[in-house]
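Scope of the values below: all heavy atoms of this structure, side chains included, with no hydrogens, waters or symmetry mates.
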Amino acid sequence: MSLYIVATPIGNLGDITIRAIDTLKSVNLVCAEDTRQSQKLFAKYDIHTPLTSWHAHSNESKLKQIIEKLKDNQEIALISDAGTPGISDPGYKLIQEAIKNNIRVIPIPGATAVITALCASGMQTDKFLYLGFPPTKKGRQTLFNSLKDEQHTVVFYESPHRIKKAISQLRESLGDDRSIVLARELTKIHEEFWRGSLAEAEKYLEQTKICGEFVIILAGG
Ligand code: SAM
């Protein structure tokens, strides 16, 4: 009885490890954030393991069901829509409950957008602060203000419809000159790393049709 935390691709379906495929094929059940989305990956790699859903709104009874199966000696894998489960993805509650029940949790490492963006950003990578998704309302500007004195590179996720606002709020908090990298559509056909200052980023986003997924990397102060 083990719970495997399996990383899946963040765009390019080739970015999955042999161990991840073997694990997804050999377990009794795969818990997926969106089972329909996972079918594409399963079809590509000829995986026929039964799927069940585990997402941000899964309730206590679903949690109990999965834990009971694990206690019943079933091997279960957890995957999210993209990347590493638990990294700004539902997973935490299930992982914590498994640990409480003395179930072994085994990570199967692979893609995650934060590291993919950071490693090619050109920013200092020896130390960095990962903020996940910044709050959407309360606390947002306070968080951005607090980055004024942050010495290390800061990485965060932002949804495409908030990216423009995020850049202008960051500019408001940090001024025009702080360097920023916008990493977009990583591992996909339209992958792009845009590099410049906050003031230039604001201008760039005004002239660009914003689509796709973004990771924001901000230089330390
Ligand atoms: N668990 C995932 C991981 O390991 O990176 C993150 C899931 S989180 C719900 C989704 C966010 O990750 C997106 O809004 C975006 O900020 C970032 N992201 C995921 N895939 C990406 C990609 N291919 N390019 C750029 N950003 C991506």
Side-chain angles (χ1 to χ4, degrees), residues 1-11 15-17 19-42 45 47 49-118 128-140 142-143 154-162 166 186 213-216:
M1 57 164 189
S2 302
L3 176 65
Y4 295 86
I5 313 302
V6 181
T8 58
I10 56 168
D15 294 331
I16 185 161
T17 67
R19 190 170 169 225
I21 296 167
D22 287 347
T23 304
L24 293 176
K25 282 185 175 173
S26 67
V27 291
N28 303 102
L29 182 70
V30 175
C31 298
E33 196 179 353
D34 177 348
T35 52
R36 272 181 311 179
Q37 170 83 13
S38 302
Q39 296 287 6
K40 290 179 211 157
L41 185 74
F42 277 33
Y45 290 104
I47 301 167
T49 310
L51 279 158
T52 189
S53 67
W54 176 262
H55 48 72
H57 307 293
S58 294
N59 58 23
E60 284 296 312
S61 85
K62 183 79 196 200
L63 180 64
K64 266 198 191 138
Q65 264 178 38
I66 299 171
I67 295 294
E68 280 313 311
K69 284 187 199 305
L70 283 161
K71 282 165 111 177
D72 208 22
N73 271 332
Q74 295 214 21
E75 303 278 21
I76 298 185
L78 172 67
I79 60 175
S80 58
D81 279 354
T84 301
I87 305 301
S88 301
D89 257 341
Y92 170 70
K93 227 160 92 184
L94 178 57
I95 295 162
Q96 199 181 44
E97 198 60 25
I99 294 166
K100 262 196 219 157
N101 282 275
N102 294 318
I103 290 153
R104 190 170 166 207
V105 176
I106 303 175
I108 310 290
T112 183
V114 45
I115 301 299
T116 308
L118 186 67
F128 66 92
L129 176 67
Y130 171 61
L131 292 176
F133 286 97
T136 52
K137 291 186 184 107
K138 204 167 164 263
R140 187 172 165 95
T142 313
L143 173 74
V154 181
V155 188
F156 55 92
Y157 291 164
E158 190 54 292
S159 73
H161 67 274
R162 280 200 204 91
L186 294 164
E213 298 188 283
F214 282 87
V215 180
I216 299 178

Peer 1: Quick one: are the ring centres of Y130 and Y157 less than 6.0 Å apart?
Peer 2: yes
Peer 1: Is there any salt bridge (Lys or Arg N to Asp or Glu O under 4.0 Å) pair reaching into residues 93-115, and which pairs are they, with sequence neighbours excluded?
Peer 2: E97-K100
Peer 1: Okay, side chain of E75, backbone of S2: is any donor-acceptor separation there less than 3.5 Å?
Peer 2: yes
Peer 1: Please check this pair: side chain of T17 against backbone of A20, looking for a donor-acceptor N/O pair closer than 3.5 Å.
Peer 2: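 Side chain of T17 to backbone of A20, a donor-acceptor pair under 3.5 Å: yes, one is there.
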Peer 1: With a 6.0 Å cut-off (strictly less than), is the heavy-atom count around CZ of F133, excluding the residue itself, greater than 12?
Peer 2: yes
Peer 1: With heavy-atom distances below 4.5 Å as the criterion, would you say the side chains of F156 and L143 are in contact?
Peer 2: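 Side-chain contact under 4.5 Å: no.
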Peer 1: Mind checking what makes salt bridge (charged side-chain N to carboxylate O under 4.0 Å, His left out) contact with R140, not counting sequence neighbours?
Peer 2: E158
Peer 1: May I ask you to decide if D81's main-chain N or O and E33's side chain share a donor-acceptor pair within less than 3.5 Å?
Peer 2: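 Yes, because the side chain of E33 sits within donor-acceptor range (under 3.5 Å) of the backbone of D81.
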Peer 1: Only one of I66, I5, L29 passes side chain to side chain contact (heavy atoms under 4.5 Å, CB included) with L78; say which it is.
Peer 2: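 Of the listed options, the one satisfying the test is I5.
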Peer 1: For G132 versus S88, what's the shortest heavy-atom pair and its separation?
Peer 2: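 Looking at all heavy atoms of both residues, the shortest contact is CA-OG, 3.5 Å.
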Peer 1: Counting only N and O atoms by type, is there a donor-acceptor contact under 3.5 Å from the side chain of S80 to the main-chain atoms of A32?
Peer 2: no
Peer 1: If you look at every heavy atom in W54 and C31, which pair is closest and at what distance?
Peer 2: CB-CB, 3.8 Å
Peer 1: Please report the shortest heavy-atom distance between S53 and T35, naming the atom on each side.
Peer 2: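 It is N-CG2, 4.0 Å.
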Peer 1: Using every non-hydrogen atom in the two residues, find where A7 and P109 come nearest and quote the distance to one decimal.
Peer 2: CB-C, 3.9 Å
Peer 1: Work out which heavy atom in A113 is nearest to a heavy atom in L186; give both atom names and the distance.
Peer 2: O-CD1, 3.9 Å
Peer 1: Looking at every non-hydrogen atom in both residues, tell me the closest pair between T84 and A111 and how far apart they are.
Peer 2: OG1-O, 2.8 Å
Peer 1: Under 3.5 Å, side chain of T49 to main-chain N/O of L24, donor-acceptor pair present?
Peer 2: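 The answer is yes, because a donor-acceptor pair under 3.5 Å joins these two groups.
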